[in-house]
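Scroll down for the structure; my scribbles are underneath it.
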Amino acid sequence: MKKIIVTIDGWSSCGKSTLAKQLARKLGYIYVDSGAMYRAITLYFLRNHIDWTDEPQVAEALGNITLEFVPNAKSGQSEMYLNGENVEYVIRDLVVAEKVSEVAAIKEVRSFAVAQQQQMGRSKGIIMDGRDIGTVVFPHAELKIFMTADNAVRVERRFRELYEKNPNVSLEEVKSNLEMRDYIDSHREVSPLRQAEDAIVLDNTNLTEEQQFRQALSLIEKAVTAAV
């Protein structure tokens, strides 16, 4: 069967990564979590006290960063490695979440990440989720999905996810963080979050994971048929 590029963009905490992983597993596609790449860069900056408003510092730091997705032998899922260290769980911390949108808005950082992402997609058979995948990274992808959900639902989902790792996190903290990320993502100068003109909207406010998966899988099957 012909393989295509599938992009999944949308707001934070809409379940983009969950859906992309499910689809990749089902289709035997490579899953690339672009958000994990920006989170790993943010983690490096935080750990090394990089002033990301200082262009020379940013450029030097990016030259010292190696990002790689390595399959987990037990789960089969690809996990984010930063300079040889598995940081898959560290990058999900709220401390990183609070800064990742700022770092991801930096032109040099985006150019660095986008170049790597485009290289990963050369052979197709790839599913990538993020903010600008269908508009900037793969503008000619065969299928573009734009995910959204009601704000209150997104906050609740994100709260449950973070609460498992940190019972001290509050709903108000999560709500504030999500609102801040939405604003930065949609207002940044470089590659702002927006729906591609040819993207298909998938609103999962009232969908179960299974219903969402079935809808997306149907869209992919139609796109593959059309691409033959």
* For Ile41 and Phe112, which heavy atoms make the closest approach, and how far apart are they? -> CD1-CD2, 3.9 Å
* To do: Look only at the side chain of Arg181 and the backbone of Ile184, and say whether a donor-acceptor pair between them is shorter than 3.5 Å.
  => no
* Asked: Under a single-linkage definition using a 4.5 Å side-chain heavy-atom cutoff for Ile, Leu, Val, Met, Phe, Trp and Tyr, are Leu143 and Leu27 assigned to the same hydrophobic cluster?
  -> yes
* Worked verdict on Glu209 versus Gln22 for side chain to side chain donor-acceptor pair (under 3.5 Å) -> CA-CA 10 Å; Glu209 276 192 19; Gln22 291 173 331; 3.1 Å; yes
* To do: Evaluate side-chain contact (heavy atoms from CB on, under 4.5 Å) for Lys16 paired with Trp11, printing each intermediate quantity in order.
  => CA-CA 8 Å; Lys16 298 185 300 295; Trp11 304 98; 5.8 Å; no
* Asked: Take atom NZ in Lys222; do more than 12 heavy atoms of anything else shown fall under 6.0 Å from it?
  -> no
* To do: Specify whether Tyr183 and His187 have parallel, tilted or perpendicular ring planes, treating 30° as the upper limit for parallel and 60° as the lower limit for perpendicular.
  => parallel
* Over 12 non-hydrogen atoms of neighbours within 6.0 angstrom of NZ in Lys175 -> no
* **Trp52 versus Gln57, side-chain donor and acceptor atoms under 3.5 Å** => no
* Asked: Taking everything shown except Glu210 itself, do over 12 heavy atoms lie less than 6.0 Å from its CD?
  -> yes
* Ion pair check, Asp198 and Lys144, cut-off under 4.0 Å -> yes
* **Tyr31 versus Asp129, side-chain donor and acceptor atoms under 3.5 Å** => yes
* Please confirm whether the backbone N or O of Thr53 pairs with a side-chain atom of Asp51, one donor and one acceptor, at under 3.5 Å? => yes
* Taking all atoms of both residues into account, what is the closest heavy-atom pair of Ser191 and Arg110, and its distance? -> CB-NE, 3.5 Å
* **Same apolar cluster (I L V M F W Y, side chains within < 4.5 Å links), Phe213/Ile126** => no
* Please assess Leu19 against Leu202 for the test side-chain contact (heavy atoms from CB on, under 4.5 Å), listing each intermediate value before the final yes or no. => CA-CA 11 Å; Leu19 176 61; Leu202 178 53; 3.9 Å; yes
* To do: Could you tell me whether Glu161 and Arg92 make a salt bridge, using a distance below 4.0 angstrom between a side-chain N and a carboxylate O?
  => no
* So does Gln118 have more than 12 non-hydrogen atoms from other groups sitting under 6.0 Å from CD? -> yes
* Asked: Does a side chain donor of either Tyr81 or Thr66 reach within less than 3.5 Å of an acceptor in the other side chain?
  -> no
* Closest approach of Ile91 to Glu88 (non-hydrogen atoms, all atoms of both residues) -> CG1-O, 3.4 Å
* Run the side-chain contact (heavy atoms from CB on, under 4.5 Å) check on Val96 and Val90 step by step: do they pass? -> CA-CA 8 Å; Val96 175; Val90 185; 5.6 Å; no
* To do: Test side-chain contact (heavy atoms from CB on, under 4.5 Å) on Arg194 and Thr135 and set out the steps.
  => CA-CA 8 Å; Arg194 61 183 175 83; Thr135 54; 3.9 Å; yes
* Looking only at non-hydrogen atoms, find the nearest pair between Ile133 and Asp9 and report the distance. => N-OD1, 2.9 Å
* Does a side-chain N-to-carboxylate-O contact under 4.0 Å join Arg154 and Asp182? -> yes
* Going by distance alone, is a donor N or O of one side chain under 3.5 Å from an acceptor N or O of the other, for Asn177 and Glu98? -> no
* Can you spot which of Glu85, Arg39, Met37 makes a side-chain contact (heavy atoms from CB on, under 4.5 Å) with Met80? => Met37
* **Flag if over 12 foreign heavy atoms under 6.0 Å of CG, Asn64** => yes
